[in-house]
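Written out below as structure tokens is the structure these notes cover.
Letters A, B, ... mirror the listed sequences (proteins, then strands); counts begin at 1.
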Protein chains: 2
Amino acid sequence: MAELLRVQGYAATGIQQLARTAGAPTGSIYHHFKGGKREVVAAALRQTGAVYIQLLPLLLDQHADLATGIEAAFATAADDVGHTGWANMCPVGTVTGEIADVEPELREVAAGVIASWVDEGTRYLASRGLSDADARAVTYAVLSALEGGFLLARGQRSAEPLLAAGRAISTYVATLPVTAPASAENQST
Amino acid sequence: MAELLRVQGYAATGIQQLARTAGAPTGSIYHHFKGGKREVVAAALRQTGAVYIQLLPLLLDQHADLATGIEAAFATAADDVGHTGWANMCPVGTVTGEIADVEPELREVAAGVIASWVDEGTRYLASRGLSDADARAVTYAVLSALEGGFLLARGQRSAEPLLAAGRAISTYVATLPVTAPASAENQST
DNA sequence: GTCTATATTGTGATAGAC
DNA sequence: GTCTATCACAATATAGAC
């Protein structure tokens, strides 16, 4: 479901299409998800949230310098978007834009997922030496630039927006003070 | 139509709802827009593109320093989003996310609108003293952060993402070299 | 050109046989 | 619990009277 959602969005993805893709009849879906389409989408969003949250340390731990790590992460995202035919990378972003003012329950689910990303990102960046306030601001800036970059990249069929956004955020992060030395590899202490 | 699109998105906005809102019957719409819903949406996107492109100099000319001007523009956008009950501010962003992989013709229209924004933004920022390459990169970064900030702000019902994104881009711009003195008010030369 | 009524298709959701 | 057939409704789009 998350696969379909991130490419087609909420309204364009039907339960019957999901059933065909998954090889299960529509009745079974309604048996397991009594809330119907909304509940299926909510589950997909929550699952995506839990998966994507693990990417953060995976991408950034390998770079001693936070700023270069962030720019590299955006470059990786840009590569992925290009190699998958400019399909969206984040169902949460696609769905949020579509339903934020129309489906209150789903909006709350999406908000919860994003809030968990913000919390986790803030914690991680603080462990890399940023102040708590800076860590939270950077997390929001990264998520904004990333989701917006995905949007523009899909529309323009170009990696340029994501690369430009990555360089901007990276340069911003490089100006922030860090408490630990820049070469710190032990962000767990 | 642009009004409805930016709040509800493409799929959730029906031609009959547009007819009710506009006070005109559905038949008239199909008489003037023979391409149906797609053509109406395309016209709305193009019109929005032409209107929003005028906001750029309006917002930034009043600040002698480019970086503070950009941060102020994001703050203004954040205020607007909050005062309108977290409705989206940009139909182009909402629609692009929804149809980029599903409606090729509309995707091209949206891409054209965004491309015109990039061209105009690049020209303007170059006239404010940035190199051509920097001007283009900053324009893409601003648009990415702005669209992503709108998305997160709507989802979280908070101005925080937009403000954080604005500060990030502003700080980035402040690090770039400018050819003219920072207090230049004549960006037309 | 403007508007009404309708054709047609596809949707989410359900009832009920296995 | 799994699957088939179907209901009820809303969507886009059109035909045709004024």
Closest to side chain of [X], choosing from [options]:
{"X": "B/Thr26", "options": "C/dA13, D/dC3, C/dT4", "value": "C/dT4"}
{"X": "B/Ser28", "options": "D/dC3, C/dA13, C/dC3", "value": "C/dC3"}
{"X": "A/Pro25", "options": "D/dT4, C/dC3, D/dA13", "value": "D/dT4"}

Go nucleotide by nucleotide along DNA chain C from the 5' end; which of A/Lys34 and A/Arg20 gets its closest nucleotide reached first?
A/Arg20
Map A/Thr13 and B/His31 onto DNA chain C by nearest heavy atom, then report which one ends up closer to the 5' terminus.
B/His31
Would a distance-only check, ignoring hydrogens and angles, find a side-chain to backbone donor-acceptor pair under 3.5 Å from B/Arg167 to A/Ala137?
no
Kindly compute the distance separating CG (B/Leu60) from CG (B/Leu66), expressed to the nearest 0.5 Å.
6.0 Å
Within this structure, what is the CD1-NZ distance for the pair B/Ile29 and B/Lys37, rounded to the nearest 0.5 Å?
11.5 Å
Using OP1 and OP2 only, check whether a side-chain N or O of A/Tyr30 sits under 4.0 Å from C/dT14.
no
Output yes when at least one side-chain N/O atom of A/His32 is less than 4.0 Å from OP1 or OP2 of D/dT2, else no.
yes
Rounded to the nearest angstrom, tell me the gap between atom [atom1] in [X] and atom [atom2] in [N].
{"X": "A/Leu18", "N": "C/dT11", "atom1": "CG", "atom2": "P", "value": "13 Å"}
{"X": "B/Ile15", "N": "C/dT4", "atom1": "CD1", "atom2": "P", "value": "17 Å"}
{"X": "B/Phe33", "N": "C/dT2", "atom1": "CZ", "atom2": "P", "value": "12 Å"}
{"X": "B/Glu103", "N": "D/dA11", "atom1": "CD", "atom2": "C1'", "value": "14 Å"}
{"X": "B/Lys37", "N": "C/dG10", "atom1": "NZ", "atom2": "P", "value": "15 Å"}

Which heavy atom of B/Thr96 sits nearest to which heavy atom of A/Gly155, and what is that distance?
CG2-CA, 3.8 Å
A/Tyr172 versus A/Asp134, side-chain donor and acceptor atoms under 3.5 Å:
no
Scan B/Gly14 against the nucleic acid and name what it touches under 4.0 Å (heavy atoms): base, sugar-phosphate only, or nothing.
sugar-phosphate
With heavy atoms under 4.0 Å as the rule, sort B/Gly36 into base, sugar-phosphate or nothing.
sugar-phosphate
Ignoring hydrogens and angles, does a donor from either the side chain of A/Gln16 or the base of C/dG10 sit under 3.5 Å from an acceptor on the other?
no
